[in-house]
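We count ligands from 1, going down the list as the structure has it; atoms in each ligand are counted the same way. Sequential numbering from 1 along the given sequence is applied to the chain's residues.
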Amino acid sequence: DPVLSADITRFRAPRKEDGLDVWRLIKEAGTLDLNSPYSYLMLCDLFSDTCVIAEEKGKIVGFVSAFLSPDSPDTIFIWQVGVAQSQRGKGLGKRLLREVLRRKACAGVRFLEATVSPSNIPSQSLFRSLAREKKTNCRTRKRYGEELFPGNGHEAEWTFRIGPLNKTESTKEVL
Ligand SMILES: CC(=O)NCC[C@H](N)C(=O)O
């Protein structure tokens, strides 16, 4: 039934009022480090230019937290990509990343970075797939070793660095 299969996902910038529901989403998703409720309020309020909410019928089903790297303004750092369990396998993670790159704040962005743990194959596939779609590189390197986390509770985090992005015609010829 075309009506039932219609895609009704909407994307928008977060507001501080979304912080609690985002915290609940990340908690329910169960695949990410659950940060404090305060941190999600802060992200939705102070980083709303680069964070994206995905919602369906008014319910938050996806969230990506991101900010321009303070040291490298041409790099957008993707902190978390959270997708509700009910939304898995529909390409929502990639749609969220595309929305970040479309934002005005990302007009000058040439690289996208994120960290992914060795066991998180779906997330690794997401970033490699985005690099293929953008016809650019995806380079990985270890960023945070296990020893940087308390106890033995956290895997290492590897940087996935995608780019250069937004190649103009001229750079395409040069590269
Ligand atoms: C891209 C992404 O979601 N990375 C997760 C980093 C870390 N494990 C966290 O959950 O914040």
(message) So that I can tick it off, tell me whether Arg102 and Glu99 are bridged by a salt bridge, with the cut-off set at under 4.0 angstrom between side-chain N and carboxylate O.
(response) yes

(request) Write out the residue and atom name of the closest protein heavy atom to atom 10 (O) of ligand 1, then the distance separating them to 0.1 Å. (result) Asp33 N, 2.7 Å

(request) May I ask you to list the atoms of ligand 1 that are less than 4.0 angstrom from any heavy atom of Phe127? (result) 1 (C)

(message) Check for me whether Val116 has a heavy atom closer than 4.0 Å to any atom of ligand 1.
(response) no

(message) Minimum distance, heavy atoms only, to atom 3 (O) of ligand 1: which one of Val81, Ile78, Leu34 is it?
(response) Val81

(request) Compare all side-chain heavy atoms of Gln87 with those of Leu25 and state whether any distance is below 4.5 angstrom. (result) no

(request) Give a yes or no on whether the backbone of Ser39 and the side-chain of Ser36 come within a donor-acceptor separation of less than 3.5 Å. (result) yes

(message) Give me the residue, atom name and distance of the protein heavy atom closest to atom 9 (C) of ligand 1.
(response) Gln80 NE2, 3.4 Å

(request) Can you sort out which atoms of ligand 1 are near Leu32, meaning under 4.0 Å from one of its heavy atoms? (result) 3 (O), 5 (C), 10 (O)

(message) So for Phe160, does at least one of its heavy atoms come nearer than 4.0 angstrom to any atom of ligand 1?
(response) no

(request) List every atom of ligand 1 that sits less than 4.0 Å from any heavy atom of Thr115, numbering the atoms from 1 in the order shown and giving each element. (result) 1 (C), 2 (C), 4 (N), 5 (C), 6 (C)

(message) Ignoring hydrogens, what is the shortest heavy-atom contact between Arg103 and Ser48? Give both atom names and the distance.
(response) NH1-O, 3.1 Å

(request) Take Arg10 and Glu55 through the salt bridge (charged side-chain N to carboxylate O under 4.0 Å, His left out) test and state the conclusion after the steps. (result) CA-CA 5 Å; Arg10 294 283 172 268; Glu55 62 184 1; over 6 Å; no

(request) Examine distances only and state if a side-chain atom of Ser69 and a backbone atom of Phe77 form a donor-acceptor pair shorter than 3.5 Å. (result) no

(request) Report, in ascending order of atom number, the atoms of ligand 1 lying under 4.0 Å from any heavy atom of Trp79. (result) 1 (C), 2 (C), 3 (O), 4 (N), 5 (C), 6 (C), 11 (O)

(request) Consider ligand 1: state whether an atom of it lies below 4.0 angstrom from any non-hydrogen atom of Glu157. (result) yes

(message) Tell me if a side-chain donor or acceptor on Gln124 pairs with a main-chain N or O of Phe160 at a distance below 3.5 Å.
(response) no

